[in-house]
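First up is the structure itself, then whatever we jot down about it.
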Amino acid sequence: MTSTQRLAFLKGHGTENDFVIVPDPDGRLDLPATAVARICDRRAGLGGDGLLHVVRSAAHPEAHDQAGEAEWFMDYRNSDGSIAEMCGNGVRVFARYLLHAGLVEAGDLAIATRAGVRRVHLAKTGDVTVSMGRAELPEESVVVTLGGRSWPARNVNMGNPHAVTFVEDLAHAGDLLAVPPFSPASVYPAGVNVEFVVDRGPRHVAMRVHERGSGETRSCGTGACAVAVATARRDGLDPAETGTPATYRVDVLGGILSITERPDGTVEMTGPAEIVAEGTFDAAWLAGALA
């Protein structure tokens, strides 16, 4: 890309987990971590919890083998520029963008991610449902310690790692500016998303989250899925054993997500996704960011 070219962007959010969307169908744009961090900077850039780089699967080396199942690859980056395997809210916003841009039609579609292909049901308006795959529940025990308190955490993997902690008050999570300390560190060698959870009623919980590479966010889709699965197990529910789906309402700071775990282990997430703005980067500013 030359300094005279104009690059389009959009902004979108899912339950106030917000993203900069960068369309690059042919995979011609190199996005180093430093450039992503500058774009996502809330004062010196566009601002966002992460960046959705939109590339055809066939044009991206990490997704080429998924091209037969999914035309589009969600090359997701955290706001610090680091690469993430998966982002649940991001998948919904990514799908909404594809419809907005006329690249897909409403209905069922597949999106390639670093955590595998995700199946999406996309209506013309309203909520988006994503089949998030199966949760893995590693056996390693984890303890989260913060503000002089310690809690056991459930280890859940939704394509990315989570430590789900049940607390009496969400205020116990503090400001979540820094990564909540956990032990043993060897359980999450690449870092972890930490969820703090309180009960609100039958099959109804609320959460706050520190997202790896982004800090506290208003919502985390994979985190909400991890929370629902961990809560179901705490409640003695395993759809694989009962044969009945388990659905939980998960309140996040930015809204509400509905999470269903089915008897085959598949976890489905339903929630809103909106495109709120679009434009082009200033060519000189972008050239400096990419330098």
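Between the side chain of H162 and the main chain of V164, no donor-acceptor pair closer than 3.5 Å is present. At least one donor-acceptor pair closer than 3.5 Å links the side chain of D41 to the backbone N or O of A44. Put simply, the side chain of K124 never gets that close to the backbone of L99: no donor and acceptor are under 3.5 Å apart. A distance-only check finds a donor-acceptor pair linking the side chain of S57 to the backbone of A70 [under 3.5 Å]. A donor-acceptor pair is defined here as one N or O able to donate and one able to accept, closer than 3.5 Å; such a pair exists between the side chain of D24 and the backbone of L29. Proximity of a side-chain donor or acceptor of Y97 to a complementary backbone N or O of E274 within less than 3.5 Å is not detected. Using a distance-only test at 3.5 Å, with no hydrogens or angles considered, a donor-acceptor pair links the side chain of N193 to the main chain of P161. At distances below 3.5 Å, at least one donor-acceptor pair connects side-chain atoms of D282 with backbone N or O atoms of W285. Using modelled atom types, one side-chain atom of R92 and one backbone atom of G271 make a donor-acceptor pair closer than 3.5 Å.
Annotation: side chain of P181 is in contact with side chain of L146 (closest heavy-atom distance under 4.5 Å). Counting heavy atoms from C-beta on, the side chains of I39 and L51 come closer than 4.5 Å. The shortest distance between side-chain heavy atoms of L286 and T280 does not fall below 4.5 Å. You'll find the side chain of H210 reaches within 4.5 Å of the side chain of V179, heavy atoms only. Residues T247 and S258 are in side-chain contact: their nearest non-hydrogen atoms beyond the backbone lie under 4.5 Å apart.
A salt bridge links E69 and R119; the closest N-O separation between the charged side-chain nitrogens and carboxylate oxygens is under 4.0 Å. Between R233 and D238 there is a salt bridge, with a side-chain nitrogen of the basic residue lying less than 4.0 Å from a carboxylate oxygen of the acidic one. The pair D75-R114 meets the salt-bridge criterion, with a side-chain N (NZ, NE, NH1 or NH2) lying under 4.0 Å from an Asp/Glu carboxylate O. Salt bridge status for D175 with R208: absent, with no side-chain N to carboxylate O gap under 4.0 Å.
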*Worked check of side chain to side chain contact (heavy atoms under 4.5 Å, CB included) between V167 and W151*: CA-CA 8 Å; V167 298; W151 306 272; 3.5 Å; yes
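Using a 3.5 Å distance cut-off with no hydrogens or angles, the side chains of D235 and Y248 do pair a donor with an acceptor. Side-chain contact check for D80 and S82: at least one donor-acceptor pair (N or O, by modelled atom type) lies under 3.5 Å. Side-chain contact, E268 with T260: no donor N or O sits under 3.5 Å from an acceptor N or O. Under the 3.5 Å distance criterion, with hydrogens and angles disregarded, no donor-acceptor pair is assigned to the side chains of H13 and D18.
In this pair, F19 and Y76 present their aromatic rings perpendicular. The plane angle is above 60°, beyond the 30 to 60° band.
Checking R42, R212, R218, R77 one by one against D49, the salt bridge (Lys or Arg N to Asp or Glu O under 4.0 Å) holds for a single residue, R42.
Geometrically, R234 engages F166 in a cation-pi contact, judged by NZ or CZ lying under 6.0 Å from the ring centre and within 45° of the ring axis.
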